[in-house]
Participant: 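Could you have a look at this structure, given as structure tokens, before my questions?
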Amino acid sequence: MNETSGVVGIRGSNFCRACSSVNLELVLDLGTSPIANNLPIYPSPANEPRYPLVLKVCKDCHLGQIPEYESASEIFTDYPYLSSTSKEWLQHSSEFVERVLDRYPNLAGSYVIELASNDGYLLKYFQEKGIRVLGVDPAENVAQIAEAKGIPTIPKFFGEELAGEILEEFGKPSLIVANNVAAHVPDLIDFFSGMAKLCGTDTIVSIENPSLGYLFDKFYYDTIYHEHFSYLSIDSMSRISQKFGLTLFDVEEHPTHGGSLRYWLSSKKDIVVNPSVTYIQRKEFERGVDNSSVTQTFSQNVYSRIYELTNWLNSQDDASVIGYGAAAKTVTTFFAANLDEAKFEMIVDANKLKQGRRLPGTGIPIFPVDELRRTKTSKVLIFPWNLEKEIVSAIKQVNNEIEIWTHNPLRQL
Ligand SMILES: [Zn+2]
């Protein structure tokens with residue numbers, strides 16, 4: 001239970017985690033599922049608790065959100081995801097650095113800080129350009145990996161308190177990067193307040209996140225999971241930034257994670273706002289961010305995609321399918337579609353931290369991708385559709401015979 005501004009209840013369920021409004025609309029009910037990124041060691045009994053996964057949208061600030069049942073410290077202190085395992089993400093990050101340096105050549109004046117810097121995948125590119133960097137990541141295991149690569153990393157949760165400590169020791173940064181993190185922060189208010197505190201007049205903030213508009217447009221229900229508390233829209237970003245004296249002055253669309261937005265913020269009073277902000281916001285509204293009849297169509301489409309997947313799997317023989325990718329979206333899909341674990345021989349995943357574990361809530365073991373070489377199973381089902389291209393080529397390298405299927409909610413199986 002949380003309490004904010006006098007409103008009592010569960011944040012994200014009874015009141016909005018950005019503006020505290022109680023005016024939340026239920027959009028999608030995916031039933032219950034276990035915490036997606038806590039992968040238990042294999043074999044151990046599958047007795048993880050399950051929590052409701054229900055998406056609501058605030059009718060006042062248009063933030064999409066789910067309730068939180070586990071504390072962030074339980075979820076993120078031993079995080080099994082390394083950003084460097086995705087080649088597509090590394091490419092995207094390297095392009096981001098080139099673009100930022102083109103746009104803001106004076107970054108070297110101070111330092112670049114990344115919040116949720118993971119294993120230092122992005123800061124490494126800035127460092128190679130001779131720019132000072134500082135990472136912040138609460139997952140101690142990944143912070144240590146970053147340190148070993150020479151990326152200084154503070155292993156703590158970011159918020160107003162840590163911002164104060166950083167200011168004292170390092171001063172104001174030239175650039176604050178927060179990619180795919182704001183959505184994972186339970187206390188958005190504290191997070192934005194911390195960023196605003198770090199901002200000097202010339203500091204630029206760059207935030208990237210999957211967009212609520214794309215989620216509605218492409219039926220990407222499997223991007224909803226318990227660690228992903230907020231589903232940001234331009235309107236919600238603009239309002240929460242304003243609250244802390246930051247102006248949203250530019251927005252860009254990117255194809256990552258099925259459709260993300262990159263937001264640019266500044267504390268400069270007279271900053272010119274690019275027309276892209278209003279233009280893309282209008283598109284988001286058309287996609288259902290403030291339109292209940294569009295979101296009803298969205299939820300009907302999601303339920304029918306889920307039904308289709310359940311039927312497909314039920315028509316397969318026992319132990320005849322290998323799942324690819326023990327991602328959070330795999331867990332969401334698995335439980336939303338009530339998939340029969342007896343149909344799976346195993347799940348394979350390239351991330352070493354996930355191997356030797358099992359999919360939460362099931363007894364399905366996770367093996368290295370190389371197991372595809374030895375298997376007699378004829379079908380592989382890819383869950384992380386966002387990495388489909390590189391996964392298909394990785395599968396073909398070890399097994400050219402196996403049938404490849406992808407569960408992408410945007411299209412039929
Ligand atoms: Zn709100």
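Atoms within a ligand are numbered from 1 in the order they appear, just like the ligands themselves. Residues take their numbers from the sequence shown, with the count starting at 1. For the numbers below, each heavy atom of this structure counts, side chains included, while hydrogens, waters and symmetry mates do not.
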Participant: Any side-chain heavy atom of Cys199 sitting closer than 4.5 Å to one from Lys172?
Facilitator: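 In short, these two side chains do not touch, never coming nearer than 4.5 Å.
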
Participant: Would you please indicate yes or no on a ring centroid separation below 6.0 angstrom for Phe158 and Phe191?
Facilitator: yes

Participant: Anything protein N/O/S under 2.8 Å from the Zn ion (ligand 1)? Just list residue and atom, please.
Facilitator: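 Under 2.8 Å from the Zn ion (ligand 1) - ignoring waters, which are not counted - the protein N, O or S atoms are Cys16 SG, Cys19 SG, Cys58 SG, Cys61 SG.
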
Participant: Students often mix this up, so state it plainly: with edges at 30° and 60°, are the rings of Phe96 and Phe126 parallel, tilted or perpendicular?
Facilitator: perpendicular

Participant: With a 6.0 Å cut-off on ring centres, are Phe298 and Phe216 close enough?
Facilitator: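 Close enough - the centres of the two rings lie under 6.0 Å apart.
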
Participant: Is it the case that the side chain of Ser174 and the backbone of Gly109 share a donor-acceptor pair, with hydrogens and angles ignored and the cut-off at 3.5 Å?
Facilitator: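 Absent.
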
Participant: Kindly indicate, with the supporting measurements, whether the criterion side-chain contact (heavy atoms from CB on, under 4.5 Å) is fulfilled by His407 and Lys329.
Facilitator: CA-CA 10 Å; His407 174 58; Lys329 50 172 64 65; over 6 Å; no

